[in-house]
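Scroll down for the structure; my scribbles are underneath it.
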There are 2 protein chains.
Amino acid sequence: MHENNIRIGRLLGDAYEAWQRGAYAALAESGFADIRPAHSPVLRFVGEQGARVVDLAEQARMTKQSMSYLVSALEQSGYVSLTADPDDGRARLVHLTAKGNQARDVLIGHSLALEERLAARIGKDRVEDLRELLAEATGPWLP
Amino acid sequence: MHENNIRIGRLLGDAYEAWQRGAYAALAESGFADIRPAHSPVLRFVGEQGARVVDLAEQARMTKQSMSYLVSALEQSGYVSLTADPDDGRARLVHLTAKGNQARDVLIGHSLALEERLAARIGKDRVEDLRELLAEATGPWLP
DNA sequence: GCCACTAGTCAGATAATCTGTCTATATTGG
DNA sequence: CCAATATAGACAGATTATCTGACTAGTGGC
């Protein structure tokens, strides 16, 4: 009866791209056009106390050079600031500025709005179901 | 009781990246290391009869120049061939070669293997559930 | 206090996208 | 049936986001 053909990987990719397009288009319309998907690991992994570039890089699974490039771009556009690490003279701590926090909050807001639109279509229970299933599909069970 | 915090967008991104890493690492180990995620829309949208670059570009939501770049790379590595379109003297038809079909089949095989691993963990019913939910999360209900 | 390790930068390469321009062919309206 | 317009793709060049390799400066164990 049901079409059981489309693979999970493809569905994941399509869903993620649609979600990302929606969220970042809304973010751009909110006045943060200079934040692109590539910058999101910075917003995501910088905590309240700031983080070192090398730690951001590891969490984002990229080289420190690549992370440094992203951090520099966000620093130039005023979303993060860099301060000396008091505990390590080699390191610098990346912090979100007020503008950076605002951008992160607006992005989260748009993302939550998408969740609400989905909940309006399929119901809150199904959204929670999806949340659980996605968490299980991501776990550490790969070769 | 339940942690209801992690947003769907983030979960989608994490799941997709894990899935893609797994599938393309396996593809590389199978001897197709020169096929990268960026090439996947070509494998995906070229049908049996071949497709024009401009149509591939539209389906992949990119410019024809970008798609042309991807097609050229795959042509040089022998995964696709280009023939004149009999119905349109301006156009060329992109076809998968035997090697290209093989690569696509191997990639699909690895993707299905991941689905089976997931089914072994959470059950086939839950996988079907995920499939349906992802299809609903991707539909044309965005602004 | 030396020596191995680590944080970050500098330099350069590559991949994957974009915009703009151009040519050749197709299509369509008078 | 042809002239105007539209389309397919190629060419040139720029940008973004990643990589590797080499270097500098600071850390910390012994």
Side-chain angles (χ1 to χ4, degrees), chain A residues 13 16-17 20-21 24-25 27-28 32-46 49-77 79-95, chain B residues 13 16-17 20-21 24-25 27-28 32-46 49-77 79-95:
Chain A
Y16 176 55
E17 280 173 29
Q20 191 180 65
R21 250 198 323 276
Y24 279 82
L27 185 65
F32 299 101
D34 46 2
I35 293 196
R36 279 179 292 283
H39 304 124
S40 91
V42 182
L43 303 185
R44 172 175 182 176
F45 295 119
V46 169
Q49 294 82 24
R52 299 182 307 165
V53 168
V54 73
D55 293 331
L56 292 174
E58 187 185 6
Q59 291 183 272
R61 296 179 193 254
M62 58 172 59
T63 62
K64 56 190 182 176
Q65 293 93 324
S66 297
M67 179 53 71
S68 188
Y69 165 85
L70 296 174
V71 166
S72 295
L74 290 177
E75 188 195 15
Q76 279 198 304
S77 38
Y79 292 102
V80 304
S81 62
L82 292 163
T83 59
D85 184 341
D87 299 339
D88 188 335
R90 298 166 298 179
R92 312 187 69 181
L93 290 177
V94 185
H95 291 267
Chain B
Y16 177 55
E17 280 172 30
Q20 192 181 65
R21 250 197 323 277
Y24 279 84
L27 185 64
F32 299 101
D34 47 1
I35 294 196
R36 278 177 293 281
H39 304 125
S40 93
V42 181
L43 303 186
R44 172 175 182 175
F45 295 120
V46 168
Q49 295 82 26
R52 300 182 307 165
V53 168
V54 72
D55 293 332
L56 292 174
E58 187 185 7
Q59 291 182 272
R61 296 179 191 254
M62 56 172 61
T63 61
K64 54 189 181 174
Q65 292 94 325
S66 297
M67 179 52 70
S68 189
Y69 165 84
L70 297 173
V71 166
S72 294
L74 290 177
E75 188 196 14
Q76 279 197 303
S77 38
Y79 293 103
V80 305
S81 61
L82 292 163
T83 59
D85 184 341
D87 300 339
D88 188 335
R90 297 166 299 178
R92 312 187 69 182
L93 289 178
V94 184
H95 291 268

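Protein chains get the first letters and strands the later ones, always in sequence-line order, with residue 1 at the start of each.
The listed nucleotides are dT18(D), dA8(D), dT17(C); the one nearest the side chain of R52(B) is dA8(D). For V53(B), whose side chain is taken as the heavy atoms from C-beta onward, the closest listed nucleotide among dA17(D), dG9(D), dA7(C) is dG9(D). Which of dA7(C), dC19(D), dT25(C) sits closest to the side chain of D88(B) comes down to dT25(C). Here dT16(D) is the nucleotide among dG26(D), dT20(D), dT16(D) with the atom lying nearest to any side-chain atom of R36(A).
Atom-to-atom, OH of Y69(B) to C1' of dC18(C) comes out at 13 Å; the value is rounded to the nearest Å. When rounded to the nearest whole Å, the span between CZ of R61(B) and C1' of dC18(C) equals 17 Å. Here the P atom of nucleotide dT6(C) and the CD atom of E58(A) are 12 Å apart, to the nearest Å. One atom, NZ of K64(A), and another, P of dG21(D), lie 13 Å apart when rounded to the nearest Å. Atom pair Q76(A):CD and dT15(D):C1' shows a separation of 14 Å (rounding to whole Å applied). Rounded to whole Å, the distance from CG on L70(A) to P on dG8(C) is 14 Å. Between Y24(B) atom OH and dA16(C) atom P the separation is 11 Å, expressed in whole Å. Protein atom CZ of R21(A) is 15 Å distant from nucleotide atom C1' of dT17(C), rounded to whole Å.
Within 4.0 Å of D85(B), counting heavy atoms only, lies no atom of the nucleic acid at all. Heavy atoms of S66(A) sit under 4.0 angstrom from at least one base atom.
Looking at Y79(A) and F32(A), their side chains come closer than 4.5 Å, going by heavy atoms from C-beta outward. The shortest side-chain heavy-atom distance between M67(A) and K64(A) does not fall under the 4.5 Å cut-off.
For the residue pair Y16(A) and Q20(A), a side-chain donor N or O sits within less than 3.5 Å of a side-chain acceptor on the partner.
Counting atom types as modelled, Q65(A) pairs a side-chain N or O with a base atom of dG21(D) as donor and acceptor under 3.5 Å. Checked by distance alone, R90(A) brings no side-chain donor or acceptor within 3.5 Å of a matching partner on the base of dT27(D).
Between R90(A) and D85(A) there is no salt bridge, since none of the side-chain N atoms of the basic residue sits less than 4.0 Å from a carboxylate O of the acidic one.
Projected onto DNA chain D by closest heavy-atom contact, D87(A) and T63(A) fall at different nucleotides, the more 5' of which corresponds to T63(A). Each of H39(A) and G89(A) lies near DNA chain D, and the nucleotide nearest H39(A) is the one positioned closer to the 5' end.
Look at R92(A) and you won't find any side-chain N or O under 4.0 angstrom from OP1 or OP2 of dA7(C). Contact annotation: S68(B) reaches the phosphate of dA10(D) (side-chain N/O to OP1 or OP2, under 4.0 Å).
Expressed to the nearest 0.5 Å, how far CE of M62(A) lies from OH of Y69(A) amounts to 11.0 Å.
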